[in-house]
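Excluded from the calculations below are hydrogen atoms, water molecules and symmetry mates; all remaining heavy atoms, backbone and side chain alike, are included. All values derive from a computational prediction rather than experimental measurement.
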Amino acid sequence: QVQLVESGGGLVQPGGSLRLSCAASGSIFSISNMGWYRQAPGKERELVATISSGGLTNYADSVKGRFAISRDNAKNTVYLQMNSLKPEDTGVYYCNAAIIPVGSTLPRFVAYWGKGTLVTVSS
């Protein structure tokens with residue numbers, strides 16, 4: 001069984017910083033892309049940032065220059081450093097990873113999601 005568990009959310013004032021972590025655990029054969037998505041109240045889930053196994057990154061325009069995604073392949077963990085936070089960054093942040101589980105009959109990556117961590121930016 002594969003699990004993604006996020007941590008690091010919380011309440012922060014505008015202009016502040018938070019660092020999110022997401023650890024993948026279980027019977028994992030291989031991990032490809034990992035990323036962060038968020039869902040604000042009343043809105044659809046949107047991409048925040050992704051990172052490939054080789055370290056190539058992609059960011060939503062709204063977070064470029066403020067957020068940084070990184071990963072530790074040895075720990076199967078992805079991070080999101082969020083700086084200069086704005087009220088519009090408020091939402092539930094979800095971790096996503098493309099994983100081939102151990103024992104998979106087909107050598108293809110499957111998308112897994114964490115349960116989410118709440119980030120609230122407010123004074």
Considering only Ile, Leu, Val, Met, Phe, Trp and Tyr, and joining two whenever side-chain heavy atoms are under 4.5 Å apart, list the other residues clustered with F109.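 Hydrophobic cluster check, F109: joined to F29, I100, V102.
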Could you list who else is in V92's hydrophobic cluster, with ILVMFWY side chains joined at under 4.5 Å, directly or through other members?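 In the cluster with V92 are Y37, L47, Y94, W113, L118.
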Just by distance, do the side chain of [X] and the backbone of [Y] share a donor-acceptor pair under 3.5 Å?
X    : Y    : value
R66  : S84  : yes
E6   : G116 : yes
R108 : S104 : no
S17  : N83  : no

Which heavy-atom pair separates L4 from A24 by the least distance, and what is that distance? CD2-CB, 3.3 Å
Exercise: identify the closest heavy-atom pair between T90 and P41: O-CD, 4.4 Å
Run the numbers on L85 and F67 for side chain to side chain contact (heavy atoms under 4.5 Å, CB included), then give the verdict. CA-CA 9 Å; L85 282 160; F67 291 10; 3.7 Å; yes
Heavy-atom distance under 4.5 Å between the side chains of [X] and [Y], does that happen here?
X   : Y    : value
S27 : P101 : no
N76 : I31  : yes
V78 : I51  : yes
P87 : S122 : no
D89 : V119 : no

Worked check of side chain to side chain contact (heavy atoms under 4.5 Å, CB included) between C95 and Y112: CA-CA 8 Å; C95 176; Y112 287 84; over 6 Å; no
Sequence-distant partners of [X], side chain to side chain contact (heavy atoms under 4.5 Å, CB included), two or more places apart:
X    : value
K115 : none
A49  : Y59, I69, L80
V5   : none

After noting the C-alpha distance and the side-chain angles of V110 and I99, does the key distance pass the side chain to side chain contact (heavy atoms under 4.5 Å, CB included) rule? CA-CA 5 Å; V110 177; I99 294 173; 5.9 Å; no
Evaluate S25 against V2 for side chain to side chain contact (heavy atoms under 4.5 Å, CB included), listing each step before the verdict. CA-CA 6 Å; S25 62; V2 174; over 6 Å; no
Going by the side-chain hydrogen bond (donor to acceptor under 3.5 Å, both in side chains) test, which pairs reach into residues 43-53, not counting sequence neighbours? R38-E46
Do Y79 and V48 land in one hydrophobic cluster if side-chain heavy atoms of ILVMFWY residues count as linked below 4.5 Å?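 Each belongs to a different hydrophobic cluster.
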Counting only heavy atoms not in Q3, do more than 12 sit closer than 6.0 Å to its CD atom? no
Interatomic spacing from CZ in R71 to SG in C22 - rounded to 0.5 Å: 10.5 Å
I'd like to know if D61 pairs up with K64 as an ion pair, taking the criterion as any Lys NZ or Arg NE/NH1/NH2 lying under 4.0 Å from an Asp or Glu carboxylate oxygen. yes
